[in-house]
Amino acid sequence: MAAVRVEAVLAAAEEQEAEKRRSITVEKELELEYDLGNLLAVDRNPPSAAALRGSGPRREALLRALARDNTQLLVSRLWELPAERAGGAGGPLVAQLPEPAFRLPREKPPPKPRPPTRWEQFARLKGIRRKKKTSLVWDEQAKEWRRRWGYRRAGGDPSRAWLAEVPAGADPEEDQFARLRREKRERVARNELNRLRNLARAHRAGSAVPAAPLHPTGHQDRDELRRVARVARVSTASLGRFQPRLPKESAEPPSRSGGKKRRFEPLLGNLAAERSRQLELLRDMGSKKPVLDITRAVNKQMRQEEAEAAAANKGKKQSKRGKRGRRQQRPGRSGKKSGGRRQPQQQKPAGGGTGGGRRKKA
């Protein structure tokens, strides 16, 4: 067995140590510029021009070594940052990155700011700031947060309170609890009236919606063509009864409104449907809560509004109507230039003849 010299062993150990240090230590003539917020490192050192001009594995090895050294420098800087364990002691080590220093270009241009509205300009000029009310307020009596409006609101219902404050200038003998209950009933009735008005307005607007115009376009779908054909067919005096039908058109002539023909339920055969209808009728009759008929309520509200408008217009017309007298003539002026007064016209006799004619013999 050949003897191993000590100098050779020490030289091999030094080489291994140098290789380990070289794997984490990189020497650069010019220090790199770092932006740790963007994980960016900029190398200002010029590479070897002779190696870059060549081609093949030599150039590829140079680029790989350059990328490896710069990445090692960037990772070494990241390890110098303050770090903490995420999710407890057994979690991964997370470094706290600083704010980015370089402004990276964006893919699309930034959006243009929206021009202020007229109200925003006026509010900025007057110093008005928008303040949104919260839905919850603190109730001093209940000592808890409650809703500002609605059921179980803060402060409770004033009409159900055990103590009512007399307003300034009110009659001290007046029952304030009755006044609060009366005001609440008036508010409820006013809200119901507004609801019925909204229903009447929506019903009137829905019935007054005009039909869609029939404009000839190059891209008409099947429904539009079917609607045009139906309108053209019922535009005749016979409502399309004697018009020739299309190959796939139904034999029943269409109506003007485009609706389906009303069909009645059979008198015999469907006992389950009849039983369900009778039970529903008995349930409505036995229920204490009245069933609201939307159509009837809307018609009633519309009639009331029309009657009120007609009464208001009639009162205005009667107030404007007065007694019409003769026009008084101004002094110094008359109807004719001669200044004579106009005589009333004499009535003709009942016989129909003139005054200068002969009398008829008896």
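Side-chain N/O atoms of Q121 and T117 include no donor and acceptor closer than 3.5 Å. For the 3.5 Å distance criterion, the side chains of N198 and R201 qualify, holding a donor opposite an acceptor.
Between the CG atom of L36 and the CG atom of L74 there is a distance of 6.5 Å, given to the nearest 0.5 Å.
Remark: L125 pairs with no residue by the side chain to side chain contact (heavy atoms under 4.5 Å, CB included) rule, at least two apart or across chains. Residues satisfying the side chain to side chain contact (heavy atoms under 4.5 Å, CB included) criterion with R130, sequence neighbours excluded, are absent altogether. With sequence neighbours excluded, no residue forms a side-chain hydrogen bond (donor to acceptor under 3.5 Å, both in side chains) with E186. Residues passing the salt bridge (charged side-chain N to carboxylate O under 4.0 Å, His left out) test with R103, sequence neighbours excluded: none. In this structure E29 satisfies the side chain to side chain contact (heavy atoms under 4.5 Å, CB included) test together with N45, sequence neighbours excluded. The side chain to side chain contact (heavy atoms under 4.5 Å, CB included) check on A123 picks up W119, I128, with sequence neighbours excluded. Under the side-chain hydrogen bond (donor to acceptor under 3.5 Å, both in side chains) criterion, S276 pairs with no residue, sequence neighbours left out.
Applying the salt bridge (charged side-chain N to carboxylate O under 4.0 Å, His left out) definition to pairs two or more places apart or across chains, those involving residues 33-49 are K28-D43, E33-R44. Within the structure, the side chain to side chain donor-acceptor pair (under 3.5 Å) test picks out the following pairs touching residues 104-116 (sequence neighbours left out): R114-E120.
With respect to the salt-bridge test (charged N to carboxylate O, under 4.0 angstrom), the residues R277 and E274 do not qualify. Using a 4.0 Å cut-off between charged nitrogen and carboxylate oxygen, E280 and R283 count as a salt-bridge pair.
In terms of hydrophobic clustering, with Ile, Leu, Val, Met, Phe, Trp and Tyr side chains grouped at heavy-atom distances under 4.5 Å, L32 and L39 are assigned to a common cluster. Under a hydrophobic-cluster definition in which Ile, Leu, Val, Met, Phe, Trp and Tyr are linked whenever side-chain heavy atoms come within less than 4.5 Å, directly or via other members, M302 and L199 are assigned to the same cluster.
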Run the side-chain donor-acceptor check on residues 168-179: report pairs under 3.5 Å with partners two or more places apart or on a different chain.
{"unit_1": "D171", "atom_1": "OD1", "unit_2": "E173", "atom_2": "N", "d": "3.3"}
{"unit_1": "D175", "atom_1": "OD1", "unit_2": "F177", "atom_2": "N", "d": "3.3"}
{"unit_1": "Q176", "atom_1": "OE1", "unit_2": "R179", "atom_2": "NE", "d": "2.7"}
{"unit_1": "Q176", "atom_1": "OE1", "unit_2": "R179", "atom_2": "NH2", "d": "2.9"}
{"unit_1": "R179", "atom_1": "NH1", "unit_2": "E183", "atom_2": "OE2", "d": "2.9"}

Under 3.5 Å, side-chain donor or acceptor atoms of residues 143-150 against the rest of the protein: list the pairs with distances, not counting sequence neighbours.
{"unit_1": "K143", "atom_1": "NZ", "unit_2": "E140", "atom_2": "O", "d": "3.4"}
{"unit_1": "K143", "atom_1": "NZ", "unit_2": "E140", "atom_2": "OE1", "d": "3.4"}
{"unit_1": "E144", "atom_1": "OE2", "unit_2": "R146", "atom_2": "NE", "d": "2.9"}
{"unit_1": "E144", "atom_1": "OE2", "unit_2": "R146", "atom_2": "NH2", "d": "3.2"}
{"unit_1": "R147", "atom_1": "NH2", "unit_2": "Y151", "atom_2": "O", "d": "2.8"}
{"unit_1": "R148", "atom_1": "NE", "unit_2": "T134", "atom_2": "O", "d": "2.9"}
{"unit_1": "R148", "atom_1": "NH2", "unit_2": "T134", "atom_2": "O", "d": "3.1"}

Considering only distance and modelled atom types, tabulate donor-acceptor pairs under 3.5 Å from the side chains of residues 77-102, sequence neighbours left out.
{"unit_1": "R77", "atom_1": "NH2", "unit_2": "E31", "atom_2": "OE2", "d": "2.8"}
{"unit_1": "R85", "atom_1": "NH1", "unit_2": "G91", "atom_2": "O", "d": "3.0"}

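No side-chain heavy atom of R58 sits under 4.5 Å from any side-chain heavy atom of L62.
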Which is it for E308 and Q304 under the side-chain hydrogen bond (donor to acceptor under 3.5 Å, both in side chains) test, yes or no, and what are the steps along the way?
CA-CA 6 Å; E308 292 176 0; Q304 289 181 0; over 6 Å; no

